[in-house]
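One structure is given below, encoded as structure tokens.
Labels below follow one simple rule: chain letters A, B, ... track the order of the sequence lines, proteins then strands, and each chain is numbered from 1. Heavy-atom basis, side chains included; hydrogens, waters and symmetry copies ignored.
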There are 2 protein chains.
Amino acid sequence: MAAARGQRGGDRDVPAAPNAAEVTMPIPPISDAPMQRARAIPEAAVARLAVYLRVLSGMAEQGIVTLSSEELAAAAGVNSAKLRKDLSYIGSYGTRGVGYEVSVLVDQIERILGLTRSHSVAVVGIGNLGHALANYGGFPSRGFPVAALFDVDPDLVGVPVGGLPVSHIDDIPRICTEREISIGVIATPPAAAQAVCDRLVAGGVASIVNFAPVVLQVPDHVEVRKVDLAVELQILSFHVARRADSMNVNGSALGNVDGVVIGR
Amino acid sequence: MAAARGQRGGDRDVPAAPNAAEVTMPIPPISDAPMQRARAIPEAAVARLAVYLRVLSGMAEQGIVTLSSEELAAAAGVNSAKLRKDLSYIGSYGTRGVGYEVSVLVDQIERILGLTRSHSVAVVGIGNLGHALANYGGFPSRGFPVAALFDVDPDLVGVPVGGLPVSHIDDIPRICTEREISIGVIATPPAAAQAVCDRLVAGGVASIVNFAPVVLQVPDHVEVRKVDLAVELQILSFHVARRADSMNVNGSALGNVDGVVIGR
DNA sequence: GCGACTTTGTGCATTCGTTCACAAGTGGCT
DNA sequence: AGCCACTTGTGAACGAATGCACAAAGTCGC
């Protein structure tokens with residue numbers, strides 16, 4: 001049972017809150033008192049809400065005031081029923097027969113995603129990628145100020161990158177605590193990632209984005225999201241191969257090569 | 001409709017084995033020749049297989065020859081039952097009472113993921129991120145050679161980055177066709193992404209990894225995987241907020257700070 | 001060869017997520 | 001007002017993914 005269940009990335013998995021378990025019982029409340037049973041929002045829906053938010057922001061800039069689920073769904077690349085359901089998790093802010101008001105949705109989604117507060121970010125590993133991240137214009141949609149940079153290289157320590165001086169990774173715990181870092185971004189080579197991760201955790205960081213191609217082992221209360229280019233490429237590769245195969249099978253029927261059937 | 005983004009729902013069969021060397025395959029004679037779309041490998045499992053592959057490669061380097069599902073599962077951060085099921089999708093290569101042979105698994109996973117062929121990659125947008133990608137040491141786990149680089153900036157065209165000269169994005173269709181690019185990586189600013197994507201598609205690229213924070217509209221046969229830092233951060237933000245809320249509610253009941261109620 | 005022990009592979013129940021389809025509101029028009 | 005065209009919000013059906021638990025299949029020691 002050693003398997004730390006940290007790592008959630010490619011797939012979804014809700015972080016069993018110690019108490020949560022609020023079953024989704026549609027109890028028809030006789031009392032209209034809106035109890036705050038935080039109806040759990042499916043993990044997958046949260047990811048999409050972030051996408052809707054971005055699309056909506058773009059629309060707001062274009063001066064669009066109102067739109068229908070159908071329009072927003074098209075722009076976000078999802079099915080409109082799914083979009084409505086996703087939005088329903090955060091409340092009822094649409095008007096039947098009309099649609100949604102862009103500004104209302106933006107506000108509500110930001111609220112749910114916790115974007116009303118800002119979350120300080122630390123980037124560890126100032127190589128090519130780290131540089132890119134540190135300079136990522138004010139960081140993706142403001143609200144995530146980069147408040148610390150770290151690297152092992154002594155020559156890099158003190159050098160300002162994107163306006164912020166680099167610190168040494170040994171200072172991660174102290175500095176993260178001091179600056180109240182809430183999100184750590186690991187952009188180090190794979191070999192260093194686990195050690196860095198441990199230091200971040202020691203510094204009180206409970207949310208980590210990991211760009212290093214390693215599976216991090218973390219305590220239960222820490223959440224890791226991994227971004228893994230190699231995995232993405234391999235998934236694409238799989239589909240390419242599959243497509244090619246099915247073409248062989250369907251198109252030029254060159255007899256069955258060898259035991260293909262898997263599973264019984 | 002408006003063309004969907006990547007992520008296809010589970011479907012179709014499994015690729016054919018090129019030629020199993022000396023594998024003691026308990027080939028299922030149940031070949032009822034109707035359609036050999038054996039069982040499809042769930043999308044989620046494919047992503048994990050790529051992870052297992054990396055973990056296994058690391059173990060191979062450490063000289064580990066054999067391991068149990070329990071060990072591999074721990075190293076990959078998943079449940080062992082899930083791991084076994086994932087592996088079962090690609091065949092039965094374990095030995096009961098013993099475990100799996102590392103090299104066999106590596107070979108089989110590589111085969112299923114289509115890593116026996118190499119897939120040429122083109123990186124578009126040679127900014128900070130593009131640089132990082134172009135230099136990504138031989139590219140994540142070889143098998144994905146970077147064969148083309150593109151940017152709009154005329155000053156950048158011709159300049160070698162990571163040993164390869166940058167071309168102009170207007171040449172994307174031609175060059176992609178010439179060099180048989182099978183995977184395109186978009187690392188441009190959001191505003192340019194859709195145009196770049198269209199050019200890649202025109203160049204016959206059917207697999208795209210998109211780092212730009214935009215939802216790409218593509219024809220059905222093109223698969224897009226997006227890597228979106230902003231979304232990752234916002235998901236983490238959501239969980240942080242939720243954690244904070246549940247603590248307020250359960251622990252020190254200091255009234256509701258700001259609209260926290262999620263219920264309906 | 002036999003029995004104890006280990007570990008795989010998978011049927012089944014369960015949970016999570018998506019999609020359908022429609023009742024319930026809303027605004028506009030006559 | 002009454003009707004119509006439109007769009008939301010959601011119950012319920014469906015489908016995918018997960019985790020459990022155990023039979024099957026193998027190894028090892030004697």
Has the side chain of K85(A) got a donor or acceptor atom sitting under 3.5 Å from an opposite partner on the base of dT19(C)?
yes

Interatomic distance, Q108(A) atom CD to S92(A) atom OG [nearest 0.5 angstrom]:
10.5 Å

Is Y100(A) near enough to dG9(D) that one of its side-chain N or O atoms lies under 4.0 angstrom from OP1 or OP2?
yes

Phosphate OP1/OP2 of dT8(D) contacted by S69(A) side-chain N/O (<4.0 Å)
yes

From dG17(C), dC12(C), dG9(D), pick the nucleotide closest to the side chain of R96(A)?
dG9(D)

Between K82(A) and V98(A), which residue's closest nucleotide on DNA chain C lies nearer the 5′ terminus?
K82(A)

Within less than 4.0 Å of OP1 or OP2 of dT18(D), is there a side-chain N or O belonging to R48(B)?
yes

When the distance from CD of E70(B) to P of dC5(C) is rounded to whole Å, what number comes out?
19 Å

Measure from the side-chain heavy atoms of S92(A) and tell me the nearest of dG26(D), dG17(C), dG9(D).
dG9(D)

Between E223(B) and R243(A), does any NZ, NE, NH1 or NH2 come within less than 4.0 Å of an OD or OE carboxylate oxygen?
yes

For dA17(D), does OP1 or OP2 lie under 4.0 Å from any side-chain N or O of N79(B)?
no

Starting from P on dT18(D), measure out to CG on D86(B) and report it in whole angstrom.
7 Å

Rounded to the nearest angstrom, tell me the gap between atom CD in E101(A) and atom P in dT7(D).
17 Å

Starting at atom OH of Y93(A), determine the distance to atom P of dG25(C), rounded to an integer number of angstrom.
18 Å

d(R84(B) CZ, S68(B) OG) to nearest 0.5 Å is 9.0 Å

D107(B) side, atom CG; E101(B) side, atom CD - distance, nearest 0.5 Å
9.5 Å

Please report, rounded to the nearest Å, how far the C1' atom of dT6(C) is from the CG atom of L67(B).
15 Å

Whole angstrom is fine here: how far is it from CG in L105(B) over to P in dT8(C)?
10 Å

In whole angstrom, what separates L83(A)'s CG from dC20(C)'s C1'?
16 Å

Below 4.0 Å: OP1/OP2 of dT7(C) and any side-chain N or O of S68(B)
no

Could you give the CZ-to-C1' distance, from R84(A) to dT10(D), as a whole number of Å?
10 Å

Cationic N near anionic O, under 4.0 Å, R225(B) to E43(B):
yes

